[in-house]
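Note that the structure is predicted; figures quoted are calculated from it, not measured. Just so we're on the same page: letters track the sequence lines, and every chain starts at 1.
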There are 2 protein chains.
Amino acid sequence: MATNIHDVAKAAGVSVATVSKVLNGYTTVNANTKERVLQIVKELQFYPNSAARSLVGRRSMTIGIFLTTGLAHPFFTQILSGMEQALKSLGYDLIYLAQMSRAKEYSFVHHCHSRNVEGVVVFGFQQEEMSFDELIESGIPTLFIDLDIKKGRAGYISSDNHEAVERAIRYLIDLNHHRISFLSGNKDSYANRQRLEGYRSGLAEAEIPYREDYVSEGDFTREMGYQAMNKLLALAEPPTAVVCCSDMSAVGAMEAIQDAGLSVPEDISLIGFDDIEIASNIRPALTTTRQDMITIGRRSIELLDELIKDKELPPPEVIIPTELIIRKSTGPAKG
Amino acid sequence: MATNIHDVAKAAGVSVATVSKVLNGYTTVNANTKERVLQIVKELQFYPNSAARSLVGRRSMTIGIFLTTGLAHPFFTQILSGMEQALKSLGYDLIYLAQMSRAKEYSFVHHCHSRNVEGVVVFGFQQEEMSFDELIESGIPTLFIDLDIKKGRAGYISSDNHEAVERAIRYLIDLNHHRISFLSGNKDSYANRQRLEGYRSGLAEAEIPYREDYVSEGDFTREMGYQAMNKLLALAEPPTAVVCCSDMSAVGAMEAIQDAGLSVPEDISLIGFDDIEIASNIRPALTTTRQDMITIGRRSIELLDELIKDKELPPPEVIIPTELIIRKSTGPAKG
DNA sequence: TGGGTATAGTTAATCGTTCAGATAACCCTC
DNA sequence: GAGGGTTATCTGAACGATTAACTATACCCA
């Protein structure tokens with residue numbers, strides 16, 4: 001078995017309490033004793049058992065992660081890498097609670113309790129049937145990514161979706177476009193709602209009237225992008241520029257445009273969202289909004305840590321700026 | 001606080017031992033009592049505290065994951081989704097031990113012990129300075145993905161890299177290619193060694209001599225693919241077909257070919273490896289070997305579970321078949 | 001009636017920590 | 001040298017489960 005605190009205590013000739021105090025930064029320990037204990041700890045490679053530690057009510061240093069979309073989301077690794085930086089410097093481990101759906105009678109929240117999770121990060125877009133009430137009411141500090149929930153000890157972080165689309169529209173208007181479509185993602189998702197608002201206010205700023213038929217309903221997938229674009233192309237007066245809710249849907253839209261014998265950006269300008277790898281790799285390379293998911297990941301853990309440490313802290317609401325990456329899929333409006 | 005076993009015992013009018021027995025499937029409990037306890041458990045939404053449970057030496061139901069390459073690897077989410085299926089059905093949670101590099105004096109292995117991790121999955125390619133000796137000697141059941149380590153209680157799972165490249169070569173030879181290059185990845189990685197062998201045996205099968213100058217050294221990146229391809233193009237007698245160690249390096253190679261004013265597949269046929277998203281999205285779409293990372297992920301957990309449950313089990317060594325996806329980047333040899 | 005044998009349930013030790021409260025050791029002052 | 005005040009260290013009771021060892025009861029049979 002691994003060495004425990006008793007082994008250390010024996011080797012150092014002190015009681016376990018003293019070892020514990022040294023390890024937990026209490027000042028009521030003699031400098032020499034402290035020195036000696038630390039020496040033994042290093043020699044014996046002692047690492048306190050976290051189960052025992054969290055059992056007595058000490059911190060578990062565990063953060064749970066919950067994904068509404070499953071693991072296959074393209075941003076997941078980026079978010080995770082951002083999280084990793086903060087996890088390391090703050091000393092948390094990240095636990096993926098997989099049992100969740102196994103037994104319906106046990107909720108995710110109970111699973112969190114049973115694992116003594118100190119806080120939870122939730123990532124993904126809102127799905128109809130999904131409710132986070134139980135989680136929020138349980139009082140477990142929670143940080144949502146891309147979901148605008150702010151209540152109790154739950155706050156959120158997100159890209160500045162509103163500004164991103166507004167900026168894209170502004171850019172297209174500078175290129176002399178007037179007929180600009182918005183290819184929408186999942187309607188009830190927070191990100192999409194914000195983007196739609198950005199679209200409206202971008203148009204309003206330039207005094208271009210909002211047209212219902214220029215806004216497609218859909219989701220963030222490529223297939224939907226293809227279908228939605230076909231509908232726009234079938235309009236009597238099709239748009240000359242389209243802002244898409246994701247790079248994947250922009251790829252779908254691009255295929256639809258090319259299949260219709262038109263070209264990007266000569267006939268139609270296209271702007272994506274996300275700046276995933278494919279954006280720079282398709283031809284023409286996609287003009288898109290880059291989301292800083294690394295920062296979002298890192299900050300989500302930092303904010304959660306603050307929420308964990310301060311029970312009274314009002315829930316955070318943090319918006320991270322985005323960047324418009326101009327590539328080859330946008331150009332001046334014809335005529 | 002969350003309900004504990006005492007609350008359940010009190011409500012059911014039995015001792016905690018009886019509750020525990022019901023929950024752990026002991027048969028020495030009367031059917032009625034069992035029924036009543038389970039009823040209360042459900043009512044009170046009792047979920048046993050895993051810290052307490054693992055402290056008494058019971059199973060922690062925790063599997064650790066370690067990545068040699070950092071979190072940003074393109075396959076990571078696929079592996080993870082595969083893992084998820086098995087984790088759910090076997091009841092494990094997955095913990096990402098982030099502290100690891102924070103304090104050098106504490107190793108990953110100690111961190112595993114302190115978290116009472118039952119087994120570890122290691123993913124990534126071998127890096128020079130990296131040693132897994134401590135992990136293997138610690139006796140923690142370990143499953144390596146893409147690293148051929150088999151010793152003690154550590155086994156591995158990997159794609160059939162050898163067969164994959166051999167098959168690719170065979171396919172190119174059927175297309176009448178004779179001058180076939182291998183654009184190599186990180187030299188000491190297991191996957192790459194196997195692929196190189198597959199390359200040699202594929203050529204040998206067709207009695208084509210192995211040429212040193214047709215094998216580039218490199219890594220799995222796009223940049224390296226670009227550079228390596230340029231070197232091949234500079235040869236007096238450049239290859240007519242190139243098998244690449246990854247899709248990213250194939251993308252780099254394709255750029256090099258196109259920048260040289262040549263085209264794929266008319267002048268040079270190109271085969272990738274991995275079948276990541278970009279493979280089907282670049283033009284021409286990339287012929288490539290698809291790795292079944294979902295299955296690898298799922299099996300890695302299943303195998304690890306067997307290793308955990310049976311102390312005497314010889315370490316597994318599992319090879320998962322791949323698939324050649326024929327797209328547009330390969331064609332018949334000229335002339 | 002007595003004794004053997006299942007069966008059902010209880011008691012209490014245990015895991016490795018933390019920490020409140022007890023104790024010890026020391027110094028200082030009157 | 002008694003009393004008081006620090007400072008350093010120790011003792012032992014938690015925390016929430018599991019489980020070996022035990023007890024109580026019921027049942028059966030000679």
Side-chain angles (χ1 to χ4, degrees), chain A residues 1-38 40-41 44-62 91 106 110-118, chain B residues 1-38 40-41 44-62 91 106 110-118:
Chain A
M1 269 278 96
T3 55
N4 62 24
I5 201 171
H6 290 97
D7 302 334
V8 176
K10 200 178 292 175
V14 293
S15 74
V16 293
T18 304
V19 177
S20 177
K21 281 185 174 170
V22 169
L23 260 31
N24 290 290
Y26 285 75
T27 50
T28 63
V29 179
N30 181 289
N32 293 329
T33 314
K34 185 175 171 181
E35 187 66 29
R36 187 154 36 94
V37 168
L38 286 175
I40 302 283
V41 163
L44 265 49
Q45 299 248 55
F46 169 66
Y47 208 66
N49 183 302
S50 65
R53 193 174 242 191
S54 70
L55 191 57
V56 282
R58 252 318 180 96
R59 309 197 44 198
S60 72
M61 299 312 286
T62 310
Y106 297 125
H110 289 101
H111 199 157
C112 287
H113 272 127
S114 108
R115 285 279 179 183
N116 304 299
V117 151
E118 293 194 58
Chain B
M1 267 279 96
T3 56
N4 61 24
I5 201 170
H6 291 97
D7 302 334
V8 175
K10 201 179 291 175
V14 293
S15 73
V16 293
T18 304
V19 177
S20 177
K21 281 182 178 172
V22 168
L23 260 31
N24 291 290
Y26 285 76
T27 51
T28 64
V29 180
N30 182 288
N32 293 327
T33 313
K34 185 175 171 181
E35 188 65 28
R36 187 154 34 95
V37 169
L38 286 176
I40 303 283
V41 163
L44 266 49
Q45 299 249 56
F46 169 66
Y47 208 66
N49 183 302
S50 64
R53 195 173 238 191
S54 70
L55 192 56
V56 280
R58 251 317 180 97
R59 310 198 41 199
S60 72
M61 299 312 287
T62 311
Y106 297 125
H110 289 101
H111 199 158
C112 287
H113 272 128
S114 106
R115 284 278 179 184
N116 303 299
V117 151
E118 292 194 57

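Between the CZ atom of Phe46(B) and the P atom of dA17(D) there is a distance of 4 Å, rounded to whole Å. Atom P of nucleotide dC15(D) and atom CG of Asn49(B) are separated by 12 Å, given to the nearest angstrom. Atom CD1 of Ile5(B) is separated from atom P of dT19(D) by 11 Å (rounded to the nearest Å). Per the geometry, CG belonging to Leu44(A) stands 14 Å off P belonging to dG16(C), to the nearest Å. When rounded to the nearest whole Å, the span between OH of Tyr26(A) and C1' of dC10(D) equals 15 Å. Regarding Arg59(B), its CZ atom lies at a distance of 16 Å from the C1' atom of dA17(D), rounded to whole Å. In this structure, Asn30(B) atom CG and dA26(D) atom C1' are separated by 13 Å, rounded to whole Å. The interatomic distance linking Leu55(A) (CG) with dC15(C) (C1') rounds to 9 Å, in whole Å.
Residue order along DNA chain C, read from the 5' end via each residue's closest nucleotide, puts Ala51(A) first among Ala51(A) and Ala17(A). A residue-by-residue look at Gly57(B) and Thr27(B) shows that Thr27(B) has its nearest nucleotide of DNA chain C further toward the 5' end. If Ala52(B) and Arg58(B) are placed on DNA chain D by their nearest nucleotide, the residue sitting closer to the 5' end is Ala52(B).
The listed nucleotides are dG9(C), dA8(D), dC15(C); the one nearest the side chain of Thr33(A) is dA8(D). The side chain of Asn24(B) approaches dT18(D) more closely than any other nucleotide in the set dT18(D), dT17(C), dA17(D). In the set dT17(C), dC10(D), dC15(C), the nucleotide with an atom closest to the side chain of Val56(B) is dC15(C). Picking from dT9(D), dA17(D), dT10(C) the nucleotide with the shortest atom distance to the side chain of Lys21(B) gives dT10(C).
Dashed line: the shortest gap from a side-chain N or O of Asn4(B) to OP1 or OP2 of dG16(D) is under 4.0 Å. For the pair Thr18(B) and dT10(C), the criterion of a side-chain N or O lying under 4.0 Å from OP1 or OP2 is met. Phosphate contact (OP1/OP2 of dA17(D), side-chain N/O of Ser20(B), threshold under 4.0 Å): absent. A close approach under 4.0 Å does occur between a side-chain nitrogen or oxygen of Arg53(A) and OP1 or OP2 of dT18(C).
Rounded to the nearest 0.5 angstrom, Lys10(A) NZ and Ser15(A) OG are separated by 13.5 Å. With rounding to the nearest 0.5 Å, the separation of OG1 in Thr18(B) from NZ in Lys34(B) is 13.0 Å.
Judged by distance alone, the side chain of Asn4(A) and the main-chain N or O of Asp7(A) form a donor-acceptor pair under 3.5 Å. Counting only distance, with no hydrogens or angles, the side chain of Asn24(A) and the backbone of Tyr26(A) share no donor-acceptor pair below 3.5 Å. A donor-acceptor pair under 3.5 Å is absent between the side-chain atoms of Ser20(A) and the main chain of Val16(A), judged by distance alone.
Defining each end axis of the helix from dT1(C)-dA30(D) to dC30(C)-dG1(D) as the rotation carrying four pairs' C1' atoms onto the next four, with five pairs an end, the two axes are found to diverge by 70° to 10 degrees.
Side-chain atoms of Ser60(B) and Arg115(B) form no donor-acceptor pair, as typed in the model, at a separation below 3.5 Å.
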### Query
Are Val22(A) and Leu38(A) close enough, and set up right, to give a side-chain contact (heavy atoms from CB on, under 4.5 Å), and what steps lead you there?
CA-CA 8 Å; Val22(A) 169; Leu38(A) 286 175; 3.8 Å; yes

#### Entry: Working for side-chain contact (heavy atoms from CB on, under 4.5 Å), residues Arg53(B) and Asn116(B)
CA-CA 11 Å; Arg53(B) 195 173 238 191; Asn116(B) 303 299; over 6 Å; no

